[in-house]
> 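Sharing a structure, written as structure tokens. Questions coming.
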Amino acid sequence: MNHPYHLIASAESWIEGEALRQLEQTAQLPGMRQAVGLPDLHPGNGYPIGAAFLSDLIYPALVGNDIGCGMTLWQTDLLVRKFKPERAAERLQGLEDPWEGALADWRADFALEPTAFDTALGTIGGGNHFAEMQCIESVLDPPALLTLGIDPDQALLLVHSGSRGLGEAILHALIAAKGHAGLDPETPESLDYLRQHEQALRWAEANRALIARRILDALNADGARRLDVWHNLVQPMDWQGERLWLHRKGAAPSDRGALVIPGSRGTLSYLVKPCVDCKQSLYSLAHGAGRKWKRGEARGRLSGRQRPEDLIKTALGGRVICEDKELLYDEAPENYKGIERVVGDLVAAGLCTIIAALRPLLTYKVRRPAHRQPGMRKQEHRRS
DNA sequence: ATGTTC
């Protein structure tokens, strides 16, 4: 049988063949009704990233290990004209260590049960996760910005992170028991997964909020959350009289208000307003620029031209904190497709409009590799 | 993506 799938991308958007194969393959899984690739579509670990899937069954492996991963945007009280990236960088220390505040209160605010992973609450993690201080570059929709409560004179804080070890443990246990098979939504194992998934969503949201809180505290600043969206999750959806399951795999929701579609740390990001009727994209938007190069490729491609010292400053003048060399290369702007094309494709498809463009001032990745203790330098001379 | 890689 052939299940329908389609791609939302203009002819100018380059989509890797492997990503299209994964989209087509995933669309053929039992119970799949529809599959949509967004313009940031790229290959993932068996399933494509930057896609949404509507199904009769629940596919935990499709949601992936980082259940609840997403983006939050905070308005700070720091005036952009007074913000000094170098001074702020000096103040951002120890963000990889367990938070020393009142964890029980924080859990209560987000209705979280204690988990074995709570020492990681308030930590950014690795991969493409980051926290970034930004300013508003240009405003295309002033009323929408005003409605969101964003003052263009004040710096913004964008955080991308997820459920860290918790989501990973939930998926790992599920796969050990059930493999990659789709689950009948009515079964006990489905209900158990959905209960844990719900916890992971809230944990991830709490994590982003705590990351923002820790950064604001370090900068002696205050702030207020303006939005928080998940881009990895599964949720029930009423679809033409049926109850189906919408999986978002690196796909932002179009039905939860305004959101940020981040570029790379060397480009602008876009604050967008989803259009009302996004049925064609399964109520989803791109979640970022999308990788152009696989993880691990960048060092070989870039190290001849760019030294680590070059990579801590970006083309737009932003400062980068990333003391893990591999990650510094792997997340360099060259790894990503052009964000203007991705957002342009969404606008052209009638899925969103642009509220404002955001410019990176300071991007925080990691202070030092968590797996390498001070004094251990065994990987220092490893090639490629 | 991941208290990461025996």
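Numbered from 1 within each chain, the chains take letters A, B, ... in sequence-line order. Remember, it's a predicted structure, so these values are computed and weren't measured experimentally.
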> Check every strand shown and say whether A:His129 touches a base, only sugar-phosphate, or nothing at a heavy-atom separation below 4.0 Å.
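Result for A:His129 = sugar-phosphate.
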> Look at the side-chain heavy atoms of Ile, Leu, Val, Met, Phe, Trp and Tyr, link any pair under 4.5 Å apart, and say whether A:Ile170 and A:Phe110 land in one connected group.
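A:Ile170 and A:Phe110: one cluster.
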> What residues from residues 195-212 of chain A pass a heavy-atom cutoff of under 4.0 Å to DNA chain B?
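Those residues: none at all.
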> Using atom CG of A:Leu166 as one end and atom C1' of B:dT4 as the other, report the distance to the nearest whole Å.
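It is 17 Å, rounded to the nearest whole Å.
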> Does A:Arg248 make a cation-pi contact with A:Trp230, if we ask for NZ or CZ under 6.0 Å from the ring centre and within 45° of the axis?
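No.
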> Can you list, pair by pair, the side-chain donor-acceptor contacts under 3.5 Å of residues 342-366 of chain A, counting residues two or more places apart and other chains?
unit_1: A:Asp345; atom_1: OD1; unit_2: A:Ser10; atom_2: OG; d: 2.8
unit_1: A:Asp345; atom_1: OD1; unit_2: A:Arg341; atom_2: NE; d: 3.2
unit_1: A:Asp345; atom_1: OD1; unit_2: A:Arg341; atom_2: NH2; d: 3.4
unit_1: A:Asp345; atom_1: OD2; unit_2: A:Ser10; atom_2: N; d: 3.0
unit_1: A:Asp345; atom_1: OD2; unit_2: A:Ser10; atom_2: OG; d: 3.3
unit_1: A:Asp345; atom_1: OD2; unit_2: A:Ser13; atom_2: OG; d: 2.5
unit_1: A:Arg359; atom_1: NE; unit_2: A:Glu137; atom_2: OE1; d: 2.6
unit_1: A:Arg359; atom_1: NH1; unit_2: A:Leu316; atom_2: O; d: 2.8
unit_1: A:Arg359; atom_1: NH2; unit_2: A:Glu137; atom_2: OE1; d: 3.4
unit_1: A:Arg359; atom_1: NH2; unit_2: A:Glu137; atom_2: OE2; d: 3.3
unit_1: A:Thr363; atom_1: OG1; unit_2: A:Glu132; atom_2: OE1; d: 2.6
unit_1: A:Tyr364; atom_1: OH; unit_2: A:Glu96; atom_2: OE1; d: 3.3
unit_1: A:Tyr364; atom_1: OH; unit_2: A:Glu96; atom_2: OE2; d: 2.7
unit_1: A:Lys365; atom_1: NZ; unit_2: A:Gly127; atom_2: O; d: 2.8
unit_1: A:Lys365; atom_1: NZ; unit_2: A:His129; atom_2: O; d: 2.7

> Is A:Gly126 touching bases, backbone alone, or none of the nucleic acid, heavy atoms closer than 4.0 Å?
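Sugar-phosphate contact only - A:Gly126 comes under 4.0 Å of backbone atoms but never of a base.
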> Could I get the full list of side-chain hydrogen bond (donor to acceptor under 3.5 Å, both in side chains) partners for A:Gln199, not counting sequence neighbours?
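Partners of A:Gln199 under the side-chain hydrogen bond (donor to acceptor under 3.5 Å, both in side chains) test: none.
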> Check the side chains of A:Asp118 and A:Trp203 for a donor-acceptor pair under 3.5 angstrom, ignoring hydrogens and angles.
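On atom types as modelled, these side chains qualify, holding a pair under 3.5 Å.
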> Look at all strands and tell whether A:Gly127 reaches a base, only sugar-phosphate, or nothing, counting heavy atoms closer than 4.0 Å.
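Counting heavy atoms under 4.0 Å across all strands, the contact made by A:Gly127 is with sugar-phosphate only.
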> Contact between A:Leu145 and A:Leu271 at the side-chain level, heavy atoms closer than 4.5 Å - yes or no?
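In contact.
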> Using whole Å, what does the distance between atom C1' of nucleotide B:dG3 and atom NE2 of A:His172 come to?
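So the two atoms are 14 Å apart, to the nearest Å.
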> For a quick check of understanding: with a heavy-atom distance under 4.0 Å over all strands, which category does A:Gly162 fall into, base, sugar-phosphate or nothing?
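If one applies the 4.0 Å heavy-atom cut-off, A:Gly162 turns out to touch nothing in the nucleic acid.
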> Show your reasoning for whether salt bridge (charged side-chain N to carboxylate O under 4.0 Å, His left out) applies to A:Arg202 and A:Glu198.
CA-CA 6 Å; A:Arg202 286 208 301 277; A:Glu198 173 67 26; 2.8 Å; yes
> Please give, in whole Å, the distance from B:dT2 C1' to A:Asp330 CG?
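For the pair A:Asp330 CG and B:dT2 C1', the rounded distance is 15 Å.
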> Base, sugar-phosphate, or nothing: which does A:Ala169 touch, judged by heavy atoms less than 4.0 Å apart?
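It contacts nothing in the nucleic acid.
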> Find the distance A:Asp66:CG to B:dT4:C1' and express it as a whole number of Å.
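Going from A:Asp66 (CG) to B:dT4 (C1'), I get 14 Å.
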> Could you give the CG-to-P distance, from A:Asn45 to B:dT2, as a whole number of Å?
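Atom-to-atom, A:Asn45 to B:dT2, this comes out as 14 Å.
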> Which whole-number value in Å describes the distance from A:Phe117 CZ to B:dG3 C1'?
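It works out to 8 Å between those atoms.
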> Atom CZ of A:Arg295 and atom P of B:dT4: how far apart are they, to the nearest Å?
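It works out to 16 Å between those atoms.
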> To the nearest Å, give me how far apart CG (A:Leu121) and P (B:dT2) are.
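That distance rounds to 14 Å.
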